[in-house]
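Here the structure is laid out as structure tokens; the discussion comes afterwards.
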Amino acid sequence: MRGTVLLLSVFGLLAGWAVADTIVIEGRTYSGIKIRQSESRYYVRLPDGTALSAAKDAVKPHEIKFGDGPLPEPPKPAEPAKPVAPPEPPKPEPPAPKAAEPPKPAEP
């Protein structure tokens with residue numbers, strides 16, 4: 001029984017250690033921390049007790065990871081758009097057909 005409790009305690013500690021968050025703030029990576037968030041900010045408490053916060057719009061999606069695992073790779077830049085050819089000038093309309101001339105009167 002004592003061995004089971006010890007084993008479960010060890011697994012509990014390892015599970016708590018493995019599930020940690022990672023964030024990059026101003027170019028510096030903080031790992032093994034817990035991130036809390038509000039509607040507009042991320043809040044971080046470092047192991048030494050220092051508190052940090054960052055605006056959500058200042059942290060790119062690939063710079064934050066909740067839970068275990070490495071940070072995802074940053075997205076690859078999109079391929080540049082191909083230039084668009086200028087529109088062709090409108091074609092001139094064909095000339096309107098000439099009106100038929102009235103018949104000439106017969107000469108006597």
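For the single chain, residues carry numbers from 1 onward in sequence order.
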Nearest heavy-atom neighbours spanning Gln37 and Tyr43:
CA-CD1, 4.3 Å
Using the side-chain contact (heavy atoms from CB on, under 4.5 Å) rule, pick out the option among Leu52, Val44, Thr22 that qualifies with Ile33.
Val44
Distance-minimising heavy-atom pair for Ala20 and Gly32:
CB-CA, 3.5 Å
Give a yes or no on whether the backbone of Ser38 and the side-chain of Lys56 come within a donor-acceptor separation of less than 3.5 Å.
yes
Close side-chain approach of Asp21 to Ile23, heavy-atom, < 4.5 Å
no
If we only count heavy atoms from C-beta on, is the Val24 to Ile64 side-chain gap below 4.5 Å?
no
Could you check if a side-chain atom of Tyr30 sits within less than 4.5 angstrom of a side-chain atom of Leu46, using non-hydrogen atoms only?
yes
Ser31 versus Thr29, closest heavy-atom pair with distance:
OG-CG2, 3.8 Å
Non-hydrogen atoms of Ala58 and Glu63 that approach each other most closely:
O-OE1, 4.2 Å
Do you know which two heavy atoms are closest between Arg45 and Ala51, and how far apart they sit?
NH1-CB, 3.8 Å
Just wondering, are more than 12 heavy atoms of other shown residues or ligands nearer than 6.0 Å to CZ in Arg36?
no
